[in-house]
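By convention in this document, chain letters (A, B, ...) are assigned in the order of the sequence lines, proteins followed by strands, and residues within each chain are numbered from 1.
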There are 2 protein chains.
Amino acid sequence: MRFRDHFASLIESGSLAPGTKLPPERALSNEFSINRVTVRQALSRMEAEGLIFREERRGWFVSPPRVYYDPTANTSFTESISSQGRVTGTTILSKQEVAASKWLSTLLGCAVGDPIYIINRLRTVDGRAVLVEQIHVKAKRCPGLLDYPLDQSMTDLMAEKFGIIEHRTQINMRPTALPEIPAKTLGVVVGTPGLYLSRAILDQFNEVIELDQEFWRHDAIDICVSAAASPAQS
Amino acid sequence: MRFRDHFASLIESGSLAPGTKLPPERALSNEFSINRVTVRQALSRMEAEGLIFREERRGWFVSPPRVYYDPTANTSFTESISSQGRVTGTTILSKQEVAASKWLSTLLGCAVGDPIYIINRLRTVDGRAVLVEQIHVKAKRCPGLLDYPLDQSMTDLMAEKFGIIEHRTQINMRPTALPEIPAKTLGVVVGTPGLYLSRAILDQFNEVIELDQEFWRHDAIDICVSAAASPAQS
DNA sequence: GAGTGGTCTAGACCACTTC
DNA sequence: AAGTGGTCTAGACCACTCC
């Protein structure tokens with residue numbers, strides 16, 4: 001692992017700036033006198049460590065610092081990221097109205113066939129795609145939602161236009177490999193390590209009104225959560 | 001990816017029970033008429049997806065279901081896991097008193113050189129090693145801690161013996177590759193995807209009294225957090 | 001001691017990006 | 001059109017597990 005250690009120390013010492021493109025695999029193979037298969041194995045290891053990332057068929061790049069993100073906070077994604085001096089971008093990939101599947105109806109607590117809005121968004125930090133999200137909301141609770149500008153905070157939009165106040169959120173997260181569609185969207189090889197995050201949002205009447213599913217680049221995020229001990233202590 | 005899809009459907013349909021050992025790589029290579037390098041590539045992909053896991057030099061096994069874990073809850077690890085019908089185990093790997101390093105003193109808010117207890121524990125679920133944790137506590141606040149039985153809830157121990165009540169916890173998590181020592185301890189290949197979780201625990205006086213660092217097998221955990229919206233809404 | 005996984009070499013072809 | 005990453009073949013040796 002001489003190869004890995006070489007680059008790891010270069011990156012950690014800051015000699016290689018975030019975003020820097022590494023030399024082609026074949027060049028690395030020559031320079032270090034190791035086989036290209038071995039080079040790729042070492043690069044994948046460094047990818048898993050979050051030191052470097054790749055853009056499919058474009059090459060390997062030094063990873064930028066992770067962004068801190070508190071999924072339980074009431075601050076919006078954009079707000080939270082820009083307070084860290086980073087620039088976010090949001091792209092609407094698609095928006096549509098569908099009839100609730102069995103699966104969706106269970107999670108949202110509605111009838112099968114009820115109208116549901118689905119919005120797919122891509123979010124970037126400093127120009128790099130870091131997450132894709134699929135948002136499901138009950139159309140009945142916010143008619144015409146799709147006609148509003150959707151590249152901003154959904155929370156704000158739903159509060160201002162439809163009087164829906166977030167009351168509680170149930171979040172699940174797990175490390176996983178990125179499935180085909182999110183991977184393609186993020187410009188990443190299918191099977192790259194990632195983070196899956198789902199979020200069920202309940203309104204002031206404790207009704208599930210929104211269900212989000214996010215796939216993150218695993219090296220983009222540092223999740224931080226602050227928890228106050230509840231009165232009932234074990 | 002015929003190979004991957006074959007096993008993925010077997011596992012997802014439940015035909016291959018958790019814990020089942022897969023055939024040797026060379027046998028798979030023969031059976032599917034693909035090169036062993038390709039077999040290993042597919043297996044690594046399935047490992048990243050959480051479908052299978054490996055024990056170093058022992059082989060590949062079907063992953064058991066993830067355990068749900070709420071790092072913000074006040075329930076103990078054992079309590080939370082056993083309520084899911086799973087059996088936990090805890091092994092003390094080491095316990096010692098050290099002088100606080102610069103790094104530790106900053107995080108714990110004490111002087112460099114102050115006495116600190118360090119406890120390393122290994123935790124298992126249904127017999128499988130799923131996480132290693134390193135616990136740092138201020139020795140001054142709980143003298144003689146190391147002489148108590150340490151294979152149970154630290155929270156309970158510190159409350160009962162030293163009157164220390166957890167008041168707030170600051171948690172950070174990120175997907176990463178397992179470094180050498182945790183990997184070895186978990187019987188996992190260095191560089192395997194994992195989850196890093198750190199926890200700073202503050203007592204009733206808002207003083208940091210404990211600092212934990214955990215490395216999880218990435219396929220073992222499903223993190224769930226419930227968040228109530230705070231009065232101050234953005 | 002046999003078998004297995006971990007690591008490595010030396011090629012090859014294709015799909016895609018870049019020019 | 002050239003170069004690059006993604007995928008694949010066909011071997012090899014070592015360290016370790018298992019019997």
**Q** Parallel, tilted or perpendicular: which fits the ring planes of B:Trp103 and B:His136, with parallel below 30° and perpendicular above 60°?
**A** perpendicular
**Q** Could you point out which residue of B:Val125, B:Val130, B:Asp222 forms a side chain to side chain contact (heavy atoms under 4.5 Å, CB included) with B:Arg66?
**A**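 The residue from B:Val125, B:Val130, B:Asp222 that satisfies side chain to side chain contact (heavy atoms under 4.5 Å, CB included) with B:Arg66 turns out to be B:Asp222.
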**Q** Send over the distance from A:Glu47 CD to D:dG5 P, rounded to a whole Å.
**A**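 The distance from CD of A:Glu47 to P of D:dG5 comes to 13 Å, rounded to the nearest Å.
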**Q** Between A:Gln84 and A:Tyr68, does a side chain to side chain donor-acceptor pair (under 3.5 Å) hold up when you go through it step by step?
**A** CA-CA 8 Å; A:Gln84 297 169 46; A:Tyr68 293 99; over 6 Å; no
**Q** Tell me which donor-acceptor pairs under 3.5 Å the side chains of residues 15-26 of chain B have, and how far apart each pair is, sequence neighbours excluded?
**A**
unit_1: B:Ser15; atom_1: OG; unit_2: B:Ser13; atom_2: OG; d: 2.9
unit_1: B:Thr20; atom_1: OG1; unit_2: B:Ala17; atom_2: N; d: 3.3
unit_1: B:Thr20; atom_1: OG1; unit_2: B:Ala17; atom_2: O; d: 2.4
unit_1: B:Lys21; atom_1: NZ; unit_2: B:Arg58; atom_2: O; d: 3.3
unit_1: B:Glu25; atom_1: OE1; unit_2: B:Arg36; atom_2: NE; d: 2.9
unit_1: B:Glu25; atom_1: OE1; unit_2: B:Arg36; atom_2: NH2; d: 3.2
unit_1: B:Glu25; atom_1: OE1; unit_2: B:Arg40; atom_2: NH1; d: 3.3
unit_1: B:Glu25; atom_1: OE2; unit_2: B:Arg40; atom_2: NH1; d: 2.8
unit_1: B:Glu25; atom_1: OE2; unit_2: B:Trp60; atom_2: NE1; d: 3.0

**Q** Can you check the A:Lys21 NZ to D:dT4 P distance for me, whole Å?
**A**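 Distance, rounded to whole Å: 8 Å.
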**Q** Out of C:dG6, D:dG11, D:dG5, which has the shortest distance to the side chain of B:Val37?
**A**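 Looking only at heavy atoms from C-beta outward on B:Val37, the closest nucleotide is D:dG11.
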**Q** In terms of relative ring orientation, are B:Trp216 and B:Tyr69 parallel, tilted or perpendicular, with 30° and 60° separating the classes?
**A**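 Judged by the thresholds at 30° and 60°, the geometry between B:Trp216 and B:Tyr69 is tilted.
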**Q** Select base, sugar-phosphate, or nothing to describe what A:Arg40 touches, counting heavy atoms under 4.0 Å on all strands.
**A**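 Base contact.
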**Q** Quickly work out the B:Gln41 CD to D:dG6 C1' distance and round it to whole Å.
**A**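 That distance rounds to 8 Å.
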**Q** Measure from the side-chain heavy atoms of B:Glu25 and tell me the nearest of C:dA10, C:dG6, D:dC8.
**A**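 Of the candidates, C:dG6 comes closest.
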**Q** Starting at CZ of A:Phe3 and ending at C1' of C:dC8, how long is that distance when rounded to a whole Å?
**A**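 Between C1' of C:dC8 and CZ of A:Phe3: 14 Å.
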**Q** Under 6.0 Å from the ring centre and within 45 degrees of the ring axis: does the NZ or CZ of B:Arg128 meet both conditions for the six-membered ring of B:Phe53?
**A**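 Yes - B:Arg128 lies over the ring of B:Phe53, closer than 6.0 Å to its centre and within 45° of its axis.
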**Q** Figure out the CD/P separation between B:Glu55 and C:dT4, and round it to whole Å.
**A**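 Checked: the CD to P distance equals 17 Å.
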**Q** Rounded to whole angstroms, how far apart are CG on B:Leu28 and P on C:dT4?
**A** 11 Å
**Q** Between A:Thr38 and B:Arg54, just flag the one whose closest nucleotide in DNA chain C comes earlier from the 5' side.
**A** B:Arg54
**Q** State, to 0.1 Å, how close B:Gly50 and B:His218 come at their nearest heavy-atom pair, and which atoms those are.
**A**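 B:Gly50 and B:His218 have their closest heavy atoms at N-NE2, 4.1 Å.
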**Q** For a quick check, with a 4.0 angstrom heavy-atom cut-off, what is the B/S/- contact string for nucleotides 12-19 of chain C, read 5' to 3'?
**A** BB-BSSS-
**Q** Could you state the CG-C1' distance from B:Asn35 to C:dT7, rounded to the nearest angstrom?
**A**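 The answer, rounded to whole Å, is 14 Å.
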**Q** Take atom CZ of A:Phe61 and atom P of D:dG5, then tell me their distance rounded to the nearest Å.
**A**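 Distance check: A:Phe61 CZ to D:dG5 P gives 9 Å.
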